[in-house]
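A short worksheet on the structure shown next.
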Amino acid sequence: MIGILDVFAYLALSYILYRFIRGIYIIIYPYLIARPKNLHKLAGGAKWAIVTGSTDGIGKEYAIQLAQKGFNLILISRTQSKLDSVKAEIIEEFKNIEIETIAYNFTNANLSDYKKEILPMIEKKEIGILGKIFFA
Ligand SMILES: NC(=O)c1ccc[n+]([C@@H]2O[C@H](COP(=O)([O-])OP(=O)(O)OC[C@H]3O[C@@H](n4cnc5c(N)ncnc54)[C@H](OP(=O)(O)O)[C@@H]3O)[C@@H](O)[C@H]2O)c1
């Protein structure tokens, strides 16, 4: 006959087994199970991607990866010279895309600044991806 302690033991063992299988799944998922998403499809066919914080680190790599997939880019960060340099670097490698840059500081940004400095550059473009990457 199964007692109450047996029930708890089975429950504990089931939980440990579940955590073990889940751990294995998490480890193998990126290598064996995940398949690349079709970003163009997810972007609804739109050709442009915006990447903020795109002149260094994660944002720059994000921009490069999107360029590699054939997206046109709008690069945004504070420093125009860095934007120009990243634009030149990406265009050199991926000649079939268009890149525009916007020098903009998001610290203390407000709606009127957005309307003046960002909206005119993006409102006529079909934007499919917004990669918002920078700072805390
Ligand atoms: N979760 C994680 O594991 C992990 C790991 C690494 C980083 N992070 C976080 O991810 C973010 C990016 O990291 P990162 O290493 O790529 O940083 P990074 O190399 O310092 O790049 C930051 C980018 O943001 C731009 N930027 C900074 N302040 C800005 C502002 N006020 N307005 C507009 N653009 C601005 C910078 O260009 P300008 O200087 O020209 O503006 C640069 O392009 C950080 O918040 C970092 O803490 C998370």
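Every number for a ligand or one of its atoms is a count from 1 in the order of the listing. Keep in mind that what you see is a predicted model, and the values were worked out from it rather than measured.
- Here the shortest heavy-atom distance to atom 4 (C) of ligand 1, taken over I102, L75, I58, L83, belongs to I58.
- Within the listing of ligand 1, atoms 30 (C), 31 (N), 32 (N) sit less than 4.0 angstrom from a heavy atom of N105.
- Counting non-hydrogen atoms of neighbouring residues, nucleotides and ligands closer than 6.0 angstrom, the NZ atom of K95 exceeds 12 such neighbours.
- Atom OH of Y114 is surrounded by more than 12 heavy atoms from other residues, nucleotides or ligands within 6.0 Å.
- Residue-environment remark: NZ (K47) stays at or below the threshold of 12 foreign heavy atoms within 6.0 Å.
- Listed by first and then second residue, the ring-ring contact (aromatic ring centres under 6.0 Å, His included) pairs that reach into residues 52-74 are H40-F71, sequence neighbours excluded.
- Listed by chain and number, the residues in a side-chain contact (heavy atoms from CB on, under 4.5 Å) with I33 are Y25, I28, Y29 (sequence neighbours excluded).
- Those atoms of ligand 1 with a heavy atom of T79 less than 4.0 angstrom away are 38 (P), 39 (O), 40 (O).
- In the vicinity of T107, heavy-atom distances shorter than 4.0 Å reach the ligand 1 atoms 31 (N).
- Other residues, nucleotides and ligands contribute more than 12 heavy atoms inside 6.0 Å of the CD atom of E123.
- Near K82, meaning under 4.0 Å from any of its heavy atoms, are these atoms of ligand 1: 37 (O), 38 (P), 39 (O), 40 (O).
- Taking each of V51, D56, T52 in turn, the one with a heavy atom nearest to atom 18 (P) of ligand 1 proves to be D56.
- Of all atoms in ligand 1, numbered sequentially from 1 with element shown, those under 4.0 Å from a heavy atom of Y104 are 32 (N), 33 (C).
- Here atom 15 (O) of ligand 1 lies nearest to G57 when heavy atoms of G57, S54, A109 are compared.
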